[in-house]
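Naming: A, B, ... by sequence-line order, numbering from 1 per chain. Because the structure is predicted, anything quoted here is derived from the model rather than measured.
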2 protein chains.
Amino acid sequence: MTSSKTPKKSADESDVNAALESGRRRATINDIARLAGVSKKTVSRVINQSPFVREETRVRIEAVIAEWGYAPDPQARGLAFRRSFLIGMIYDNPNPQYVVNMQLGLLDGMRGSGFELVVHPCDRSSPTFLQDVRMFIERQKLFGVILPPSVSEDERVADLLRDIGCEYIRIASVPLDEEEHMIVGHDRLGAQAMGEHLVGLGHERIGFITGLPSFRSSHERRGGFEDALTKAGVKLDPDYVVQGAYTFESGLACGEALLAKTPRPTAIFAGNDEMAAGVLQAARRAGLTVPADLTVVGFDDFQIAQAVWPPLTTIHIPTREVGRMAAEKLIARDGYEPGDPAKTIPYLVVRESSSSPKKV
Amino acid sequence: MTSSKTPKKSADESDVNAALESGRRRATINDIARLAGVSKKTVSRVINQSPFVREETRVRIEAVIAEWGYAPDPQARGLAFRRSFLIGMIYDNPNPQYVVNMQLGLLDGMRGSGFELVVHPCDRSSPTFLQDVRMFIERQKLFGVILPPSVSEDERVADLLRDIGCEYIRIASVPLDEEEHMIVGHDRLGAQAMGEHLVGLGHERIGFITGLPSFRSSHERRGGFEDALTKAGVKLDPDYVVQGAYTFESGLACGEALLAKTPRPTAIFAGNDEMAAGVLQAARRAGLTVPADLTVVGFDDFQIAQAVWPPLTTIHIPTREVGRMAAEKLIARDGYEPGDPAKTIPYLVVRESSSSPKKV
DNA sequence: GAAGCTCTTGACACCGGTTTCCACTCCCTT
DNA sequence: AAGGGAGTGGAAACCGGTGTCAAGAGCTTC
């Protein structure tokens with residue numbers, strides 16, 4: 001019979017237990033093995049869910065792990081695995097609310113997985129951009145990265161990631177990559193919904209302010225809007241489409257430009273809420289009342305949409321939900337099902353900034 | 001003469017070099033040691049800036065390191081050091097712009113240091129809050145943590161950190177801890193400046209909307225404001241001080257409450273910009289023109305301050321700069337000097353929402 | 001010329017996990 | 001009862017660094 005304890009070591013063992021129990025030291029895999037009366041390899045098998053462990057043994061080990069609140073050291077594990085348990089979010093989106101919501105969503109999806117989120121803002125126009133990204137990933141041996149727009153739309157980055165064999169998820173408004181690397185956030189559908197809303201209210205002369213052309217979403221939003229109008233038999237006059245930059249200031253300027261046109265549009269659809277806020281201001285300066293004289297709508301449903309007067313009719317983007325799904329997809333834990341794509345679809349939120357045009 | 005190369009190993013060596021040169025493998029400390037003809041321990045000494053390395057040797061090793069673009073593996077290093085090179089930002093501040101600016105500031109301060117930022121939003125009211133924080137820190141063996149308000153104001157957290165021996169920096173509006181653990185963001189001074197501004201414009205009947213009482217900044221802002229008024233011989237009527245919650249909605253409600261008072265205040269100072277935006281809306285509903293009929297001012301100088309009409313006179317808080325200083329203080333690299341405290345002092349930004357009261 | 005010093009350097013164990021390799025059970029055939 | 005395959009667990013090497021400690025080189029000192 002082999003005794004599961006080594007009598008010779010009993011003194012040492014009690015010392016060890018004392019140190020553990022007093023909390024002076026965190027439990028290691030060796031402690032768990034000793035306490036469970038198995039080898040550390042077996043404990044390792046349990047941690048890594050190897051099927052080659054007898055049910056009874058597994059249960060016993062899991063009990064000890066739970067009792068001592070043991071959690072394997074991510075660094076040691078990472079060292080052996082040649083990869084860390086860190087997930088990087090590489091972004092250049094300038095909107096704080098988008099960034100924070102995305103972070104929250106990613107953390108939602110990572111909760112309980114043992115992964116941690118490392119944030120990495122970047123500047124795509126920097127000459128060292130790709131080098132920086134590569135350095136970041138290789139040094140930290142990232143498990144994977146999440147790319148929100150507009151980094152997600154940069155093929156150089158995708159190529160780099162494929163090259164160095166790093167897992168990644170691209171979040172974009174159109175499928176740019178294989179399905180397993182994409183979370184698509186249908187901006188086009190959102191813009192269509194807004195188009196239908198405006199047409200439904202009876203607007204026919206509608207101004208549109210595009211976002212930054214460097215974001216795919218700008219084109220998708222415009223495209224979706226135009227789709228809806230065309231389908232309803234309303235023409236989007238190119239003369240009423242002006243180029244904005246997703247900022248309040250650009251919205252103000254574009255709003256003034258649109259309001260100066262004759263005949264004046266009865267509604268203006270800005271590519272995001274900030275620009276819509278700018279349009280509201282332009283309307284005020286022009287002495288127009290919203291929505292009586294002019295309907296103004298935005299896109300995103302960020303906080304600003306509710307903090308202006310009147311509160312903006314806009315398209316809600318489920319950023320956090322998208323983030324959650326992206327993280328889940330990246331770590332693809334067992335028991336992972338793809339997640340309901342319907343939840344990533346933007347939807348219309350009607351507030352007080354839109355109404356039917358005045359009868360002339 | 002001792003040959004610095006081991007002839008016996010030359011075949012192996014060329015294999016190794018081939019793997020390295022082809023980029024199939026990143027350089028390790030052993031490679032650098034071999035290439036420089038020293039032991040890995042000496043390379044380690046150079047990496048860790050040990051003074052016990054001959055100048056000539058150090059230069060040679062550094063040259064090899066630079067040539068091969070070697071960077072030590074943070075996980076292996078962390079394992080040996082018993083701590084990681086991760087810095088945690090544990091926060092519960094609900095304002096996205098604050099959070100993002102703080103993150104950017106922290107990253108500014110960490111740039112080039114080899115540390116990475118791990119974000120960790122939390123809920124102080126959760127029953128498992130302290131447990132979660134402890135788990136987060138111990139599992140990741142964090143180098144240190146940054147605590148912005150209001151987590152920074154929680155003594156339970158500070159006690160926990162001291163208990164487990166984790167470095168930390170608390171960012172708060174008052175010194176709550178030893179100087180080395182604090183970055184103080186003088187809200188009081190900012191509020192004083194605003195008080196002086198309003199008094200300087202000739203206001204004497206001023207409404208004040210406080211922030212959430214769970215934030216120290218709320219009290220500091222009120223206190224600073226009251227200081228300035230008192231100093232100028234103006235009394236802050238407690239009847240004109242109402243309790244807000246740092247949200248747009250609360251600003252709207254409090255604004256309406258204040259505007260309903262007789263006599264009506266000639267100016268309203270909201271504890272942050274969002275509430276000020278709410279007050280603007282209340283004023284509009286009441287048919288008042290800002291600033292002709294009513295001066296409205298805020299605090300923070302977040303984006304919303306410029307995206308409302310009229311743009312808000314407010315107090316700018318150098319959040320990013322504060323973050324940078326906090327990170328620098330935490331990692332206290334050599335060549336670190338304390339940073340200019342003056343840069344953390346908020347300052348007045350005068351826009352169009354404030355003016356002298358109408359002569360009655 | 002040997003002892004004593006300081007300055008450099010390297011051998012070796014170790015951080016806490018995983019993997020490889022192998023031996024040893026079981027259990028089922030033949 | 002012997003043979004063989006699958007399941008199970010231990011010993012040792014390894015991941016890529018750091019700490020400990022002692023030894024070698026070069027210079028003084030007596």
> Taking NZ, NE, NH1 and NH2 as the nitrogens, is one of them in A:Asp73 or B:Arg139 under 4.0 Å from a carboxylate oxygen of the other?
Replying inline: no
>> At 4.0 Å (heavy atoms only), tell me whether B:Val43 reaches a base, stays on the sugar-phosphate, or touches nothing.
In response: nothing
> B:Lys41 side chain: which of C:dA11, C:dT9, D:dA11 is closest?
Replying inline: C:dA11
> Of all the nucleotides listed (D:dG7, C:dG10, C:dT9), which has the minimum atom distance to the side chain of A:Phe52?
Replying inline: D:dG7
>> For a quick test of reading the model: is some side-chain N or O of B:Arg54 closer than 4.0 Å to OP1 or OP2 of C:dT8?
In response: no
>> Could you tell me how far apart B:Ile29 (CD1) and C:dT9 (C1') are, to the nearest whole angstrom?
In response: 14 Å
> Will you find, in the side chains of A:Gln103 and B:Gln103, an N or O donor that is under 3.5 Å from an N or O acceptor?
Replying inline: yes
> Among D:dT18, C:dG17, C:dT18, which nucleotide sits nearest the side chain of A:Tyr70?
Replying inline: C:dG17
> What's the spacing between A:Arg77 CZ and B:Leu79 CG if we round to 0.5 Å?
Replying inline: 13.5 Å
>> In whole Å, I'd like the distance from the CZ atom of B:Arg139 to the P atom of C:dG17.
In response: 10 Å
>> Counting the atoms with a prime plus P, OP1 and OP2 as sugar-phosphate, which does B:Asn30 contact under 4.0 Å by heavy atoms, base, sugar-phosphate, or nothing?
In response: nothing
> Quick one: which of C:dT18, D:dG16, D:dC15 gets closest to the side chain of A:Arg82?
Replying inline: D:dC15
> Under 6.0 Å between ring centres, would you say that holds for A:Phe85 and A:Phe143?
Replying inline: no
> Pick the nucleotide of DNA chain C nearest each of B:Ser39 and B:Leu79; which residue has the one closer to the 5' end?
Replying inline: B:Ser39
> Picking from C:dT18, D:dG9, C:dG10, which would you name as closest to the side chain of A:Arg45?
Replying inline: D:dG9
> Within the pair B:Thr42 and C:dT9, is there a side-chain N or O less than 4.0 Å away from OP1 or OP2?
Replying inline: no
> Are B:Tyr91 and B:His120 an aromatic pair by the rule of ring centers under 6.0 Å?
Replying inline: no
> Separation of B:Glu55 atom CD from C:dC7 atom C1', in whole Å?
Replying inline: 14 Å
> In whole angstroms, how far is the C1' atom of D:dG9 from the CD atom of A:Glu56?
Replying inline: 14 Å
> If you take atom types as modelled and just measure distance, does the side chain of A:Lys40 reach the base of C:dG16 with a donor-acceptor pair under 3.5 Å?
Replying inline: no
>> For a quick test of reading the model: is some side-chain N or O of A:Ser44 closer than 4.0 Å to OP1 or OP2 of C:dG17?
In response: no
